[in-house]
Each structure stands twice: as structure tokens, then as C-alpha cells.
Participant: 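Here's a structure for you.
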Amino acid sequence: AFQQNGTLKNSKLISEYQEKLKASYLDIPQTEIGAQMGQLQGVETDNTFSISQRFSFPTVYTKRKKMLDAEWSASVVNQNLTKAQLTKEISDVFYRILTLQEKKKVIEYISKLYSSFADKASLRLKKGEANILEESTAEIQNEQAKTQLNMLENDLNIAKLQLQLLLQSDESYQPVSDQPTMNVNLQVSEEMIQQHPELQYLNQQIKVNEAEAQFEKSKLLPELMVGYMNQSMKNLNNNRFNAVQVGVGIPLFTKGQRALAKATKAKVAISENEYQRKEIELKNRFVQQVNNYNNQLKVVESYEQKQLPK
């Protein structure tokens with residue numbers, strides 16, 4: 001299932017994409033090359049060649065690299081989450097099929113009893129030992145059992161198709177289990193809940209948003225510029241002269257970028273709140289499932305010890 005499932009394949013491709021994207025942190029603008037020719041210094045025709053390059057402040061590249069690393073880590077965690085969700089879905093459908101198969105056995109047995117009862121009621125009616133009401137009741141119960149069996153058969157076929165879809169297989173599989181009941185380990189610690197794939201993913205999203213906030217804040221730093229120029233001066237001994245240029249781009253109009261930096265901080269708070277909400281939800285859901293499991297286990301034990309014939 002892990003090799004064939006399309007959803008898991010997509011999560012792997014996204015992870016590979018994020019891994020390749022990490023190398024894009026060093027996004028340097030294009031180098032500017034210029035040339036001039038004309039009467040620059042007098043009546044003589046001179047020419048000038050120049051080359052310049054702009055850079056963001058080194059901190060910007062560092063912060064961008066950390067953000068891309070965090071996004072790649074989030075894609076890896078999401079891949080593990082997708083795998084865990086797929087495992088859960090397959091397990092749910094697997095045990096649903098087993099349950100339906102056991103129900104089918106019970107209804108088939110009941111259907112045989114009703115069918116036998118209907119035949120005997122019809123025979124008793126012919127001999128005058130029963131009335132039409134008894135025969136009608138037997139026929140209705142027999143038809144109801146057949147209807148339930150047909151509906152269950154339809155549910156069973158749908159469940160098998162769902163399992164086949166999850167496995168991404170052309171073959172139809174028949175789940176088999178030696179034990180009618182499951183033995184579940186209910187000893188779950190706080191640390192195990194913290195390791196839940198959903199919480200791990202949400203925790204990584206917090207790191208992604210924190211890295212993004214730092215990256216957007218770093219964009220308020222000045223830009224750097226270096227350049228080189230070579231110019232002829234025929235009016236001055238017909239020589240060529242060189243010059244080096246260094247500049248700093250000071251961010252004067254920063255209202256938009258500051259607003260964006262504040263907005264990314266709000267995303268951090270949102271992701272932290274979502275983590276806390278999910279943590280409480282998982283703990284609550286776990287307690288509910290434990291109670292439900294214990295109640296169902298008591299029902300099974302009561303049925304096996306008191307209701308089944310010995």
C-alpha cells in the first residue's frame with residue numbers, strides 16, 4: 001500500500017520538491033553590465049564600461065535558508081502523517097470487513113431458522129394446525145432476514161472496494177483473522193501522545209512560521225551594492241581610469257514590510273494555538289476510545305460467559 005497509494009506518492013514528491021527548493025535560498029539579483037560611448041569629457045569621443053551587483057544583507061540569506069529547511073522538515077513530517085493516516089484507514093476498513101463477515105454468518109444462520117419456521121408454519125396451515133397469521137408472520141420474518149442479508153452483502157462489497165482502493169491494487173483481498181477480538185494496549189503515556197504524527201506536524205508548522213517571521217523581519221535590513229567602472233579620457237593623456245563603487249540601500253519606506261513581518265508573527269500564534277487545541281482534542285479522544293473499548297469488552301465478555309450456550 002505504501003508503494004502504490006497515490007496520496008502517499010504525492011507527499012513523497014512534495015518532500016522531494018521541498019528538498020530541491022532548499023538550494024534556492026541564495027537568490028542573488030542579476031548582474032548589471034553597462035556601456036557608454038560619446039563626448040563624455042569634452043570634444044573627444046570616450047567610452048565607459050561598468051559592472052555592478054546588488055546583494056541582500058547576508059542575514060537575509062541565512063534566514064531564508066532556515067525557513068526552507070523548516071519547510072522541508074515539515075514536508076517529511078507530513079509524509080509520515082500521511083503514512084499513519086493511510087495505515088489507520090486500511091486498519092479501519094480491514095476490521096470493518098471482518099465485522100461484516102461475522103454479522104453475515106449470524107444473519108445467514110437466522111435466515112435459515114426463519115426459512116425453516118416459515119416452511120413449518122405453511123405445513124401446519126395446510127394441516128389445519130395453524131392459522132394464516134402465523135404463516136404470514138413467519139414469511140415476513142423470513143423476508144426481513146433476506147433483506148438484511150442483501151444489505152449486508154452490499155455493505156461488504158463496498159468495504160472490499162474501499163480496501164482495494166486504499167491498497168491501489170487490481171486484486172480483491174479477503175481479510176482473515178484468527179482472533180474475533182482485538183487485544184489493545186491502553187498504556188499510553190504523555191510522551192507517546194506528544195509523538196502523535198498530527199502533533200509532530202503541527203509542531204513543525206510552528207517552526208516554519210517562526211522561521212518565516214524571522215525571514216520577513218530580515219528584509220528590513222539594508223541592501224548592499226558593489227561595482228566597477230572603467231572609462232577612457234582622451235583629453236587627459238589619452239589614458240583609461242578605473243573606479244570602484246560601494247553602496248548601501250537604506251529602507252526608508254518600510255510600512256508594508258513591517259506590516260508583513262507583524263502578520264507572520266500572528267501566524268506563529270495561530271499555529272501554537274492550533275497545536276494546543278489538537279493536543280487537548282487527542283487526549284480527550286483517547287479517553288473516549290478507552291472508555292468505549294472497555295464497555296465493548298464487557299459486552300463481549302458477558303455475551304461469551306452468560307449468553308452463549310455452554
Side-chain angles (χ1 to χ4, degrees), residues 9-79 204-272:
K9 282 184 178 180
N10 283 340
S11 65
K12 290 181 179 179
L13 291 174
I14 292 174
S15 179
E16 292 175 1
Y17 163 76
Q18 291 292 346
E19 185 177 12
K20 294 178 180 178
L21 195 63
K22 290 196 299 180
S24 67
Y25 78 95
L26 199 62
D27 186 16
I28 299 176
Q30 295 181 348
T31 302
E32 298 179 7
I33 299 177
Q36 289 181 314
M37 182 176 292
Q39 295 175 333
L40 304 177
Q41 301 293 332
V43 294
E44 297 291 341
T45 301
D46 291 309
N47 56 72
T48 301
F49 299 96
S50 63
I51 181 171
S52 62
Q53 178 67 59
R54 294 183 177 274
F55 302 91
S56 296
F57 205 79
T59 306
V60 177
Y61 299 113
T62 302
K63 298 299 183 182
R64 178 174 170 81
K65 186 177 185 301
K66 289 183 178 180
M67 184 186 70
L68 293 175
D69 288 342
E71 289 178 345
W72 171 73
S73 298
S75 67
V76 174
V77 175
N78 182 63
Q79 183 177 332
Q204 187 59 38
Q205 283 299 118
I206 295 176
K207 296 179 180 179
V208 170
N209 292 331
E210 288 176 343
E212 183 183 2
Q214 293 295 322
F215 172 61
E216 294 298 339
K217 183 179 178 181
S218 69
K219 289 183 179 180
L220 294 170
L221 295 172
E223 291 186 349
L224 306 177
M225 190 272 290
V226 294
Y228 169 78
M229 182 183 67
N230 184 283
Q231 179 177 347
S232 66
M233 291 186 179
K234 294 183 179 179
N235 290 333
L236 189 60
N237 297 327
N238 199 24
N239 291 329
R240 301 192 67 85
F241 295 87
N242 302 320
V244 176
Q245 182 183 9
V246 178
V248 177
I250 301 176
L252 297 178
F253 306 100
T254 60
K255 183 178 180 179
Q257 186 58 40
R258 289 183 183 276
L260 184 58
K262 290 181 180 179
T264 52
K265 288 184 178 180
K267 287 178 64 177
V268 175
I270 292 172
S271 58
E272 290 175 342

Participant: State the CZ-CG distance between F57 and L224, to the nearest 0.5 angstrom.
Facilitator: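 With rounding to 0.5 Å, CZ (F57) is 6.0 Å from CG (L224).
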
Participant: For the pair M37 and T45, evaluate side chain to side chain contact (heavy atoms under 4.5 Å, CB included) and give the outcome as yes or no after the intermediate values.
Facilitator: CA-CA 7 Å; M37 182 176 292; T45 301; 4.0 Å; yes

Participant: Measure the shortest side-chain to side-chain distance between M229 and T48 over non-hydrogen atoms and say whether it is less than 4.5 angstrom.
Facilitator: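 They are in contact (side-chain heavy atoms under 4.5 Å apart), so the answer is yes.
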
Participant: With side chains defined as the heavy atoms from C-beta onward, is the minimum distance between V248 and E223 less than 4.5 Å?
Facilitator: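 No, every pair of side-chain atoms sits at 4.5 Å or beyond.
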
Participant: E212 pairs by salt bridge (charged side-chain N to carboxylate O under 4.0 Å, His left out) with which of K267, R64, K265?
Facilitator: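 Only match with E212 under salt bridge (charged side-chain N to carboxylate O under 4.0 Å, His left out): K267.
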
Participant: Side-chain contact, heavy-atom cut-off 4.5 Å: K22 with D69?
Facilitator: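 Yes, side chains in contact.
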
Participant: Under the side chain to side chain contact (heavy atoms under 4.5 Å, CB included) criterion, do N78 and V76 qualify, and how do the steps go?
Facilitator: CA-CA 5 Å; N78 182 63; V76 174; over 6 Å; no

Participant: Does a side-chain N-to-carboxylate-O contact under 4.0 Å join E210 and K207?
Facilitator: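 Here E210 does not pair with K207 in a salt bridge, since their nearest N and O are not under 4.0 Å apart.
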
Participant: Could you check whether any side-chain heavy atom of M67 comes within less than 4.5 Å of a side-chain heavy atom of W72, counting everything from C-beta outward?
Facilitator: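 Contact flag for M67/W72 side chains = no.
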
Participant: Should N230 and F241 be marked as a side chain to side chain contact (heavy atoms under 4.5 Å, CB included) after you check the CA-CA gap, both sets of side-chain angles, and the distance that decides it?
Facilitator: CA-CA 6 Å; N230 184 283; F241 295 87; over 6 Å; no

Participant: Could you list the residues that satisfy side-chain hydrogen bond (donor to acceptor under 3.5 Å, both in side chains) with D27, not counting sequence neighbours?
Facilitator: none

Participant: Apply salt bridge (Lys or Arg N to Asp or Glu O under 4.0 Å) to K66 and list each qualifying residue two or more places apart in sequence or on a separate chain.
Facilitator: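 For K66 there are no salt bridge (Lys or Arg N to Asp or Glu O under 4.0 Å) partners, ignoring immediate neighbours.
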
Participant: Output the distance between atom CE (M225) and atom CD (Q53), rounded to the nearest 0.5 Å.
Facilitator: 10.5 Å

Participant: Between T264 and A261, what is the shortest heavy-atom contact and its length?
Facilitator: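 Where T264 meets A261 most closely, the heavy atoms are OG1-O, 2.6 Å.
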
Participant: Mind checking whether F55 and V60 have side chains closer than 4.5 Å, heavy atoms only?
Facilitator: no

Participant: Does L21 offer a backbone N or O that forms a donor-acceptor pair with the side chain of S24 under 3.5 Å?
Facilitator: yes

Participant: If you count the non-hydrogen atoms of other residues, nucleotides and ligands that lie under 6.0 Å from OH in Y17, is the total more than 12?
Facilitator: no

Participant: Between the side chain of S232 and the main-chain N/O of N47, is any donor-acceptor distance below 3.5 Å?
Facilitator: yes

Participant: Rounded to the nearest 0.5 Å, what's the gap from OG1 on T254 to CG on L260? Could you check?
Facilitator: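 Going from the OG1 atom of T254 to the CG atom of L260 covers 12.0 Å.
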
Participant: Sequence neighbours left out, what passes salt bridge (Lys or Arg N to Asp or Glu O under 4.0 Å) with K262? Give chain and number order.
Facilitator: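 So K262 forms no salt bridge (Lys or Arg N to Asp or Glu O under 4.0 Å) with any residue.
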
Participant: With heavy-atom distances below 4.5 Å as the criterion, would you say the side chains of S11 and S75 are in contact?
Facilitator: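 Of all side-chain heavy-atom pairs linking S75 with S11, none is under 4.5 Å.
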
Participant: Report yes or no: does Y61 contribute a side-chain atom to a donor-acceptor pair with the main-chain N or O of S56 at less than 3.5 Å?
Facilitator: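 Judged by distance alone, yes, a pair lies under 3.5 Å.
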
Participant: Side chains of E216 and Q257: any donor to acceptor distance under 3.5 Å?
Facilitator: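 Side chains of Q257 and E216: pair found under 3.5 Å.
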
Participant: Who are the side-chain hydrogen bond (donor to acceptor under 3.5 Å, both in side chains) partners of E16, not counting sequence neighbours?
Facilitator: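 Not a single residue meets the side-chain hydrogen bond (donor to acceptor under 3.5 Å, both in side chains) criterion with E16.
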
Participant: Return the minimal non-hydrogen interatomic distance between R54 and P29, and the atom names on each side.
Facilitator: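 That would be O-CD, 3.4 Å.
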
Participant: Out of curiosity, S15 OG to Q79 CD, how far, rounded to the nearest 0.5 Å?
Facilitator: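 Output value for this atom pair is 5.0 Å.
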
Participant: Mark yes or no for whether N209, through its side chain, and Q205, through its backbone, hold a donor-acceptor pair below 3.5 Å.
Facilitator: yes

Participant: Looking at L26, I want to see if its CG is surrounded by more than 12 non-hydrogen atoms of other residues, nucleotides or ligands under 6.0 Å.
Facilitator: yes

Participant: Please identify each residue that fulfils salt bridge (Lys or Arg N to Asp or Glu O under 4.0 Å) with E71, with sequence neighbours left out.
Facilitator: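 For E71 there are no salt bridge (Lys or Arg N to Asp or Glu O under 4.0 Å) partners, ignoring immediate neighbours.
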
Participant: V208 and A74: which non-hydrogen atoms are nearest, and at how many Å?
Facilitator: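 Closest approach of V208 to A74: CG2-CB, 3.9 Å.
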
Participant: Rounded to the nearest 0.5 Å, what's the gap from OG1 on T59 to CD on Q214? Could you check?
Facilitator: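 Those atoms lie 10.5 Å apart.
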
Participant: Rounded at 0.5 Å granularity, tell me how far CZ in F49 sits from CD in Q231.
Facilitator: 11.0 Å

Participant: Under the salt bridge (Lys or Arg N to Asp or Glu O under 4.0 Å) rule, collect the residues that match up with K217, sequence neighbours excluded.
Facilitator: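 For K217 there are no salt bridge (Lys or Arg N to Asp or Glu O under 4.0 Å) partners, ignoring immediate neighbours.
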
